Amino acid sequence: MRVARILATAALSSLVLGAGATTAQAGGQSTLTVSPSPATPGSAVTISLNGGCQASSVTASSAAFTGSVTLSSGSTEGVYRGTATIRSDARAGSNSITIACPNGAPSTFTFQVGTTTPSRGARGGLGGSVTDMDATKVATGAALVTLAAAGTTLVLRRRAKN
């Protein structure tokens, strides 16, 4: 029973992690991954290109980006990575990315931009506005709470007797 639970958890974890990235393919030769997907306006995304170019770096551009991004080749040949920032006013939905390789034709891929969720607003409460607390005020407050609890107990006992 325990092994089945562990295997089920591992399978579901792999599925969830794999769902967090979008992979696009152009012409069967290269693969582009944008993570997280969908991207939210104002956030940073990681772009990975696998195959399709034989240079030390490639350029990725999109109307949804704040500017062009250079994808650099890492330790694995043919794999390029870089980080782009999505414009805060980027259009939600499908957006295109153009990859320009110095020794080849440009490739176009698509990725998803989601909508921003409104913030929950400011936290209420005192928020540190009370700065002159001392032991006397704390003791007075505790005494008042104790007095209120004792009075409530006394009233409830008198009611129970009647």
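Keep in mind that what you see is a predicted model, and the values were worked out from it rather than measured. Index from 1, following the sequence.
- Of all heavy-atom pairs spanning S30 and F109, the tightest one is OG-CZ, 3.4 Å.
- Heavy atoms only, all atoms of each residue included: F111 and A64 are closest at CZ-CB, 3.8 Å.
- Within the 4.5 Å cutoff, the side chain of P102 has no heavy atoms near those of the S56 side chain.
- For the residue pair S73 and G78, the shortest heavy atom distance occurs at OG-N, 4.5 Å.
- I86 has its side chain out of reach of T40: every pair of non-hydrogen atoms, C-beta onward, lies at least 4.5 Å apart.
- The side-chain hydrogen bond (donor to acceptor under 3.5 Å, both in side chains) analysis of residues 134-148, with sequence neighbours excluded, yields the pairs D132-K137.
- Annotation for T59 and S68: closest pair CG2-CB, 4.0 Å, computed over non-hydrogen atoms.
- Residues G114 and P38 come closest through the heavy atom pair N-CB, 3.7 Å.
- By the 4.5 Å heavy-atom criterion applied to side chains, T66 and R87 are counted as neighbours.
- The backbone N or O of S96 lies less than 3.5 Å from a partner atom in the side chain of S62, making a donor-acceptor pair.
- Rounded to the nearest 0.5 angstrom, I47 CD1 and S35 OG are separated by 11.0 Å.
- Here the side chains of R81 and S72 are not in contact, with every heavy-atom distance at 4.5 Å or above.
- Contact check for N50 versus T33: no side-chain heavy atoms found under the 4.5 Å cut-off.
- Put simply, the side chain of V45 reaches to within 4.5 Å of the side chain of P36, judged on heavy atoms.
- Between V34 and the choices I97, T110, V113, the side-chain contact (heavy atoms from CB on, under 4.5 Å) rule is met once, by I97.
- In this structure, CG on L49 lies 8.5 Å from SG on C101, to the nearest 0.5 angstrom.
- In this structure, the side chains of N95 and F65 stay at 4.5 Å or more apart for every pair of heavy atoms.
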